[in-house]
Undergrad: 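Here it is, the structure, as structure tokens.
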Amino acid sequence: MKIIRDFLLILATAICCSCVVSAGFSHRQSVNPLNFILGNENLGPINDGGILGEAQAPGPAFNDEPKVPLKLAGNRTKRPDILRNFRIYQGGWDISNKHYWASVAFTGIAGFIVMLVWLISFGIMLLFHHCVGWRMSFKGKGSSFSQKIRIVLLVLFSFASIVGCILLSAGQLELHSEVFITLKYVVNQSDYTAEMLRNVSDYLSLAKSVVVPEFELPQSTLQEIDELSTRLSSTADTLNEKTDENSVKLRKVFNTVRSVLITVASVMLVLAFFGLVLSLLGLQNVIHIFIFSGWLLVAVTLTLCGTFMIFNSAVSDSCMAMKEWVDNPRAETALSNILPCVDERATNQTLVESRKVVKTVVDTVNTFIYTAANTNRPPSDQFYYNQSGPLLPPLCYPFDDKNNDRDCLPQEVSMTNASTVWAKYICMTSMDNKNCTSVGRLTPAVYGQLVVAVNASYAVLHYTPGMLDLQNCNFLRDIFMTITSRYCPPLEHYLVTVVVGLGFISTGIMLCLILWFVYANRPQREEAFVKTPSINKDAHVTMVSLVTSPARVVPDIEK
């Protein structure tokens with residue numbers, strides 16, 4: 001079962017992209033990624049008021065609709081539960097439930113049962129042959145025809161084994177490639193998320209570095225920015241760390257699986273080919289070695305067949321569960337208990353708080369513009385730096401008092417082009433860079449600090465929707481939707497190919513072994529057993545003994 005759970009990491013690493021972000025926001029304690037993914041640890045919702053701290057401004061009211069329970073992949077997972085005396089499991093897809101895994105394990109029980117029956121039955125036959133001397137005999141008028149039939153069957157079974165080896169080789173190659181393509185997609189999404197968080201953190205850190213005396217953010221806002229910047233940076237590092245850890249683990253697991261399957265396919269191909277040749281040549285001693293080796297190798301392939309049947313069931317269940325979770329965002333499911341997604345009310349609070357910080361920055365910038373940059377102060381005034389010329393346009397705040405979108409006024413500049421427009425109002429400065437020596441409303445130093453503040457505000461507005469998508473799991477839903485539509489179908493197809501290949505190999509070699517056993521124990525040709533009589537005076541007696549006592553001449557053929 002460990003390999004099954006390890007494979008689910010390829011799907012559940014997508015969960016980590018959202019979960020680790022929320023984990024960084026809610027608490028700093030270390031989390032075992034495997035335990036978390038398997039549902040043994042629940043990070044819970046973001047309970048510190050959202051991305052920007054404890055929310056104080058009320059958001060728009062939402063109708064409190066009760067969540068409807070939904071069993072993910074409910075029909076598909078109705079299978080006998082090994083832990084409950086084979087009663088039908090009814091809980092749906094739930095990787096935190098041991099009874100779900102017991103029902104998944106049942107899907108591979110056929111392969112394991114056939115393996116046990118094969119080991120015992122063929123082992124008993126080998127034991128009787130070597131210890132008791134039991135042999136098979138074929139004689140009579142139809143022996144020639146029977147021999148031809150056995151040759152035809154042996155060739156067909158050997159060919160079936162070779163076909164199985166080809167299917168297994170091709171299937172494992174495509175499966176390995178598809179797994180790594182899926183893993184690359186998930187890792188790219190994780191890197192994108194971490195980069196987005198770092199960008200916001202960097203821009204917010206720049207806002208703290210503004211040093212213009214006339215431009216000062218409130219101390220409370222600076223503290224919020226400092227906490228948020230540190231939190232985002234730490235979360236991005238944690239996300240990259242966990243993703244890299246899971247990626248390395250998955251690569252090791254699937255490289256090992258690939259090596260095992262390649263080895264099995266190669267060994268079985270050699271066994272089928274040389275077993276066929278040696279059987280036709282009648283080399284009995286060597287065939288016995290192949291029979292014993294094949295007996296054990298068939299047990300291995302049957303075990304692998306059962307394991308990959310479980311593998312296929314777990315992956316198919318997970319793909320269907322993700323699709324149903326995407327299609328039913330308001331339902332209460334097993335994934336809802338694992339993913340730390342918050343509701344719309346908490347998401348709205350985060351949006352309100354992010355806009356609150358941006359509004360504070362915009363108000364402070366505009367206060368400086370109105371009270372310092374656009375005023376003609378006397379030299380004795382504290383805001384004097386010899387500013388003059390056309391008035392500097394104020395910065396536009398894109399939301400009204402009710403947090404609805406608003407259009408910028410003609411005299412305002414938006415955050416996207418503020419730096420370009422304000423660059424026209426920069427003046428030449430004196431040696432100390434404090435006072436203007438030409439027409440202009442901004443010194444280069446003040447202009448630089450205003451641009452930093454605007455960039456920080458724009459970053460918060462630009463990246464907040466993405467962070468909200470992480471918080472309310474919209475980002476994760478997009479990942480799951482892509483995985484289920486683009487990556488799940490080929491994964492399931494190649495898993496089935498591997499199972500079919502193992503089935504062909506097991507069945508073909510199993511039937512070949514029975515025929516090899518027949519060939520290894522058939523009597524030698526009559527010329528090998530009948531001694532040529534000597535021409536002597538006892539010739540008559542010798543010929544009589546050959547006719548009347550055939551058992552003495554050919555002791556290996558039963559009467």
Side-chain angles (χ1 to χ4, degrees), residues 1 4-19 22 33-45 65-84 87-108 182 185-186 189 309-344 469-493 495-496:
M1 300 303 294
I4 308 298
R5 293 189 174 189
D6 284 339
F7 179 75
L8 285 180
L9 288 173
I10 198 170
L11 306 177
T13 302
I15 298 176
C16 286
C17 291
S18 176
C19 297
S22 297
L34 183 59
N35 289 339
F36 166 74
I37 292 169
L38 296 177
N40 298 330
E41 296 184 24
N42 189 359
L43 297 178
E65 299 179 3
K67 290 188 175 182
V68 179
L70 174 64
K71 295 179 181 178
L72 298 176
N75 293 330
R76 178 181 176 82
T77 56
K78 289 182 178 179
R79 297 180 285 246
D81 182 358
I82 299 176
L83 300 179
R84 291 181 175 173
R87 288 185 293 177
I88 300 299
Y89 172 74
Q90 302 283 349
W93 181 92
D94 186 359
I95 58 176
S96 63
N97 189 339
K98 63 181 180 180
H99 295 287
Y100 165 73
W101 287 110
S103 69
V104 173
F106 178 80
T107 60
T182 308
Y185 166 74
V186 175
Q189 295 302 309
M309 289 170 66
I310 297 174
F311 220 170
N312 183 54
S313 297
V315 172
S316 299
D317 290 350
S318 300
C319 289
M320 181 175 290
M322 285 190 292
K323 185 178 185 304
E324 291 184 358
W325 183 75
V326 170
D327 295 338
N328 299 275
R330 293 186 176 276
E332 182 180 354
T333 64
L335 268 174
S336 303
N337 297 325
I338 298 174
L339 303 178
C341 303
V342 298
D343 56 19
E344 293 180 357
D469 284 341
L470 293 175
Q471 187 176 341
N472 61 19
C473 286
N474 286 335
F475 177 77
L476 190 58
R477 285 189 174 90
D478 291 339
I479 292 179
F480 281 178
M481 189 180 301
T482 302
I483 290 176
T484 55
S485 61
R486 185 183 304 174
Y487 299 106
C488 277
L491 281 175
E492 295 177 28
H493 172 72
L495 278 171
V496 171

Undergrad: Measure across Asn312 and Glu492 and return the closest heavy-atom pair with its distance rounded to 0.1 Å.
TA: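 Of all heavy-atom pairs spanning Asn312 and Glu492, the closest is OD1-O, 3.8 Å.
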Undergrad: From Arg477 CZ over to Thr484 OG1, what is the distance, rounded to the nearest 0.5 angstrom?
TA: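 It is 13.0 Å, given to the nearest 0.5 Å.
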Undergrad: side-chain contact (heavy atoms from CB on, under 4.5 Å) between Thr182 and Leu491: does it pass, once the steps are laid out?
TA: CA-CA 9 Å; Thr182 308; Leu491 281 175; 4.1 Å; yes
Undergrad: Give the intermediate values and the outcome of side-chain contact (heavy atoms from CB on, under 4.5 Å) for residues Asn97 and Trp101.
TA: CA-CA 7 Å; Asn97 189 339; Trp101 287 110; over 6 Å; no
Undergrad: Answer yes if the side chains of Tyr100 and Asp317 hold a donor-acceptor pair under 3.5 Å, and no otherwise.
TA: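 A pair is found: one side chain offers a donor N or O, the other an acceptor, under 3.5 Å apart.
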Undergrad: Tell me, do Asp81 and Arg87 make a side-chain contact under 4.5 Å, heavy atoms counted?
TA: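 A side-chain contact is absent here, since even the closest heavy-atom pair is not under 4.5 Å.
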Undergrad: Write down the atom of Glu324, the atom of Leu70, and the distance for their closest heavy-atom approach.
TA: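 In terms of heavy atoms, the two residues are closest at O-CD2, 4.4 Å.
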Undergrad: Roughly how far, to the nearest 0.5 Å, is CG of Leu72 from NZ of Lys323?
TA: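 Interatomic distance, Lys323 NZ to Leu72 CG, rounded to 0.5 Å: 12.0 Å.
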Undergrad: Minimum heavy-atom separation for Thr107 to Ser313, with atom names?
TA: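 In terms of heavy atoms, the two residues are closest at OG1-OG, 3.1 Å.
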Undergrad: Rounded at 0.5 Å granularity, tell me how far CD1 in Ile82 sits from OG in Ser103.
TA: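 The distance works out to 8.5 Å.
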Undergrad: Establish, from distance only, whether the side-chain atoms of Arg76 and Ser316 form a donor-acceptor pair under 3.5 Å.
TA: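 A pair is found: one side chain offers a donor N or O, the other an acceptor, under 3.5 Å apart.
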Undergrad: Could you grab the distance from atom CG of Asp327 to atom CE of Met322, nearest 0.5 Å is fine?
TA: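 Taking CG in Asp327 and CE in Met322, the distance rounds to 12.0 Å.
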Undergrad: Measure across Leu83 and Ala102 and return the closest heavy-atom pair with its distance rounded to 0.1 Å.
TA: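 Taking Leu83 first and Ala102 second, the nearest heavy atoms are CG-CB, 3.7 Å.
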Undergrad: Are any non-hydrogen side-chain atoms of Arg79 and Thr77 less than 4.5 angstrom apart?
TA: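 Yes, their side chains come closer than 4.5 Å.
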Undergrad: For Gln90, does its backbone N or O pair with a side-chain atom of Lys71 as donor and acceptor, under 3.5 Å?
TA: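 Side chain of Lys71 to backbone of Gln90, a donor-acceptor pair under 3.5 Å: yes, one is there.
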Undergrad: For Ala73 and Ala321, work out which heavy atoms get closest and say how close.
TA: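 That closest heavy-atom pairing would be CB-N, 4.4 Å.
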Undergrad: Decide yes or no for Thr333 and Trp93: does some side-chain heavy atom of the first lie under 4.5 Å from some side-chain heavy atom of the second?
TA: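 Answer no - side chains too far apart.
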Undergrad: Is there a side-chain contact between Val315 and Leu495, using heavy atoms and a 4.5 Å cut-off?
TA: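 Val315 vs Leu495: side chains touch.
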Undergrad: Return the minimal non-hydrogen interatomic distance between Met309 and Gly108, and the atom names on each side.
TA: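 Where Met309 meets Gly108 most closely, the heavy atoms are CB-CA, 4.2 Å.
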Undergrad: How are the rings of Trp325 and Phe480 set to each other: parallel, tilted or perpendicular (split at 30° and 60°)?
TA: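 Taking Phe480 first and then Trp325, their aromatic rings stand perpendicular (interplane angle over 60°).
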